[in-house]
Number of protein chains: 2
Amino acid sequence: MTKPLQDRTITGPERPASLKDVAQLAGVSLGTVSNVLNRPDVVSAKRRRAVEAAMKDLNYVPNLAARQLKAGLSTVLGLIIVEMGNPFYGGVTLGATQAAAARELGLFTASSELDAKREVQYLELFEQQRVRYILLVPCGVDTSAARVVADRGTPVVLLDSLDTPGFCSVGADDFTGGKLAAEHLIEQGYERITVVGDPAHAQVVNRHYGALAAIENYPNLTSSFIRTHGMTVSEGRRVGEEIAARPADHRPDAVFATNDMLAIGLLQAFTMLRTIRVPDDIAIIGYDDIEFCASAVVPLSSVAQPSLEIGASAIELAEAELADGETHVHQRKLLQPSLVIRESTVGSA
Amino acid sequence: MTKPLQDRTITGPERPASLKDVAQLAGVSLGTVSNVLNRPDVVSAKRRRAVEAAMKDLNYVPNLAARQLKAGLSTVLGLIIVEMGNPFYGGVTLGATQAAAARELGLFTASSELDAKREVQYLELFEQQRVRYILLVPCGVDTSAARVVADRGTPVVLLDSLDTPGFCSVGADDFTGGKLAAEHLIEQGYERITVVGDPAHAQVVNRHYGALAAIENYPNLTSSFIRTHGMTVSEGRRVGEEIAARPADHRPDAVFATNDMLAIGLLQAFTMLRTIRVPDDIAIIGYDDIEFCASAVVPLSSVAQPSLEIGASAIELAEAELADGETHVHQRKLLQPSLVIRESTVGSA
DNA sequence: GTTGCAGATTGATACGTTTCAATCTATGCT
DNA sequence: AGCATAGATTGAAACGTATCAATCTGCAAC
């Protein structure tokens, strides 16, 4: 005969303690232990203490997979962004994180890194995990994969995207943002405004239109548009050099750069060349309010995206969709950007 | 008598199809359907086709929660970083993502946003999800919460942290990074090197020591250290102005800024004041190689962190720990930074 | 026309929960 | 003392999956 089993105290692969183990140690039934967790009021104080002690003894950690399997609906949600490391999406994520925390939901983030294939992979992974819903910053205009997932029953909300039929979505109001920027310049007394950007981006176009809408209210103003190829610092610098090369009376007195990279490039060009002072000769305002704006050589005014609100609103929309069930009608939420005024647009006068 | 139930075709809350549903539709047993998924070779071609058709018909999506409950071990892992929106952690995440994808594992990311409380919350959430293991960029030196989780059985690997007993960890070799930076300056012929940084950061200290190690091999060189309060652009600018205010023969001919923010501030100061040309009068090298380095007024040389490798190595370490089981001994992996040379350190001569 | 056998298929069980009807216990009332 | 009742506790079933021993099928060999 071999040694009896219980002699070889198997510490083995250390299976984590389950409710059953706790019940056994505390000398109560499984149902009671579950009640301690979910409806503590129905169980007598004496047993509750015993159960809690046993949990502590065994290092009990609830198994969310099992809980969710039973419940059918998970308490975690998935967020897919296009670029980890981009401060704007950092803000979106933070907003979503806070909103999720307020509802006692967990938030898992994944990044597609602008790769549509990866986006699909994560959509499917989240779907298989049976997350509560998915918040998606799509990396292109093709939302067909999201469509499939949504049709199978996992709500999908689009973030920082166009108004897309068949989805709830939340975006930032670029038109108003552009208008805000231009109105601020006008208020400061600038009269010859140039808008700079790459019209390949839909956002740039909207910001430009917004600016035009503000400008055309004042007949004495003039405006123009300079087209860039991309939205980078070096493009901004190129445009800045081009402006500086003009005779002084052909220069604008204010530039609205449709993102901060361009604005920084412009500022670099003007600063280096020394012929143009900001904001006295030319004012600059950017868009996005990235961290660098504040610490630029001349602190840059900018239009701040409501990134936190985007994340938070998306969760609201998704929860609403979940609650509505079949009767749900998709909603579009457009959030308002805000002006951040710094030295680059405020004349020293 | 009320209407028979089956008349009111309940499309209802749309419970997702399960293996059982598929089995029923395909007219086979549950086990066979499972086999189609996991050991397709043992099931006859005819039935396999039938099952696959049924899956398609029912929009079957495997339930990872159930799968993992059964298996005990999950195929997803958790990554906790300290700051979403910081490009360095973006790189770490990307490296981890790729390594995970190569192993067919899913990766969920969460950000503590430098809040220790949130860090603990995510540790617990991941633990309850029974993730395969957790990769943690700790936001402080206190690793006790991670200790608890690890002791309960979920492997935890520390990233971008000090060598911490009781954990596998992976860090970047700041000493060597500092040495690389200094050696490069020396090679370029600079002879009076100043290191700038806030010694409150352990990394800064190591980078400084590394630089000193290189410098002290050359008796003709002189070096000094300027202490900052924080590692921001404005601190860099302050130091730059201070240096520029000195008489020319009391200035260094090269500055090693222990991060890129400081380097950018220095460059801004020198550029604005116009009295000092970079790199002809003073060279500047930074650390981290953030995106801005390349598009600075004078493109900045920098020491690039091996961020992708950090993420990838962490996964290797964690998988090894998982495979080793009880016999595991913790490992420390130190990754090498690399030099990125741009104009700010290369004299036009 | 048996028998044997390999391959295909099935059915039962377990994973860790939650829920709920059913049972048990103690208390207060007549 | 007997009984009703509220409260506490239990046990069984179910969620969707994977595994595995047991059964079934068809076919080749005798």
Requested in this report: Using salt bridge (Lys or Arg N to Asp or Glu O under 4.0 Å) as the criterion, point out the one residue from A:Glu319, A:Glu127, A:Glu104 that pairs with A:Arg132.
Outcome: A:Glu319

Query raised in the report: Of all the nucleotides listed (D:dT17, D:dT9, C:dG16), which has the minimum atom distance to the side chain of B:Leu19?
Result: D:dT17

Show the distances under 3.5 angstrom between N or O atoms of the protein and N or O atoms of nucleotides 11-15 of chain C.
none

Requested in this report: Kindly check if the number of other-residue, nucleotide or ligand heavy atoms within 6.0 Å of CD (A:Gln24) is above 12?
Outcome: no

Query raised in the report: For the side chain of A:Arg147 and the backbone of A:Gly166, is there at least one donor-acceptor N/O pair under 3.5 Å apart?
Result: yes

Query raised in the report: Between B:Ser169 and B:Arg332, is any side-chain donor less than 3.5 angstrom from a side-chain acceptor?
Result: yes

**Report entry** Whole-Å gap separating P (D:dT17) and CD (B:Gln68)
**Finding:** 13 Å

Query raised in the report: Out of C:dT18, D:dA8, C:dA8, which has the shortest distance to the side chain of B:Ser44?
Result: C:dA8

Report summary line: When rounded to whole Å, the CD to P distance for the pair A:Gln129 and D:dT17 reads 13 Å

Report summary line: Of C:dG16, C:dC20, C:dT9, the nucleotide closest to the side chain of B:Arg47 is C:dT9

Requested in this report: Look at all strands and tell whether A:Val61 reaches a base, only sugar-phosphate, or nothing, counting heavy atoms closer than 4.0 Å.
Outcome: sugar-phosphate

Report task. Could you tell me the separation between the CG atom of A:Asn38 and the P atom of C:dC20, rounded to a whole number of Å? Result -> 12 Å

Query raised in the report: More 5' along DNA chain C: A:Ser34 or B:Asp41, using each one's nearest nucleotide?
Result: B:Asp41

Query raised in the report: Once you round it to whole Å, what is the distance between P of D:dG11 and CD of A:Gln24?
Result: 13 Å

Report summary line: The reported gap from OG1 in B:Thr97 to CG in B:Leu105 (rounded to nearest 0.5 angstrom) is 11.5 Å

Report summary line: Separation of C:dT17 atom C1' from B:Gln128 atom CD, nearest Å, is 13 Å

Query raised in the report: Counting only side-chain N and O atoms of A:Arg67, is one of them less than 4.0 Å from OP1 or OP2 of C:dG16?
Result: no

Query raised in the report: Atom CG of B:Leu159 and atom CG of B:Leu79: how far apart are they, to the nearest 0.5 Å?
Result: 7.0 Å

Query raised in the report: Between B:Arg118 and B:Glu113, is a salt bridge (charged side-chain N to carboxylate O under 4.0 Å, His left out) present by the stated rule, with each step listed?
Result: CA-CA 8 Å; B:Arg118 193 130 55 193; B:Glu113 296 298 323; over 6 Å; no

Requested in this report: Give the rounded distance in Å between these two atoms: CG of A:Leu73 and P of D:dG16.
Outcome: 13 Å

**Report entry** d(CG, B:Asn63; P, C:dT17) in whole Å
**Finding:** 16 Å

Query raised in the report: B:Phe108: what forms a ring pair (Phe, Tyr, Trp, His ring centres under 6.0 Å) with it, not counting sequence neighbours?
Result: A:Phe108, A:Phe126

Query - Gap between atom CD of A:Gln331 and atom CG of A:Asp324 - 0.5 Å precision - result: 8.0 Å

Query - Interatomic distance where NZ belongs to B:Lys46 and P belongs to C:dG7 [whole Å] - result: 19 Å

Report task. Report the nucleotide, chosen from D:dT19, D:dT9, C:dT19, that has the shortest atom-to-atom distance to any side-chain atom of A:Arg39. Result -> C:dT19

Query raised in the report: Got A:Leu107 and A:Thr109 here, is their nearest side-chain heavy-atom distance under 4.5 Å?
Result: yes

Requested in this report: Quantify the bending of the helix from C:dG1-D:dC30 to C:dT30-D:dA1 as the angle between its end axes, each fitted on five pairs, to 10°.
Outcome: 60°

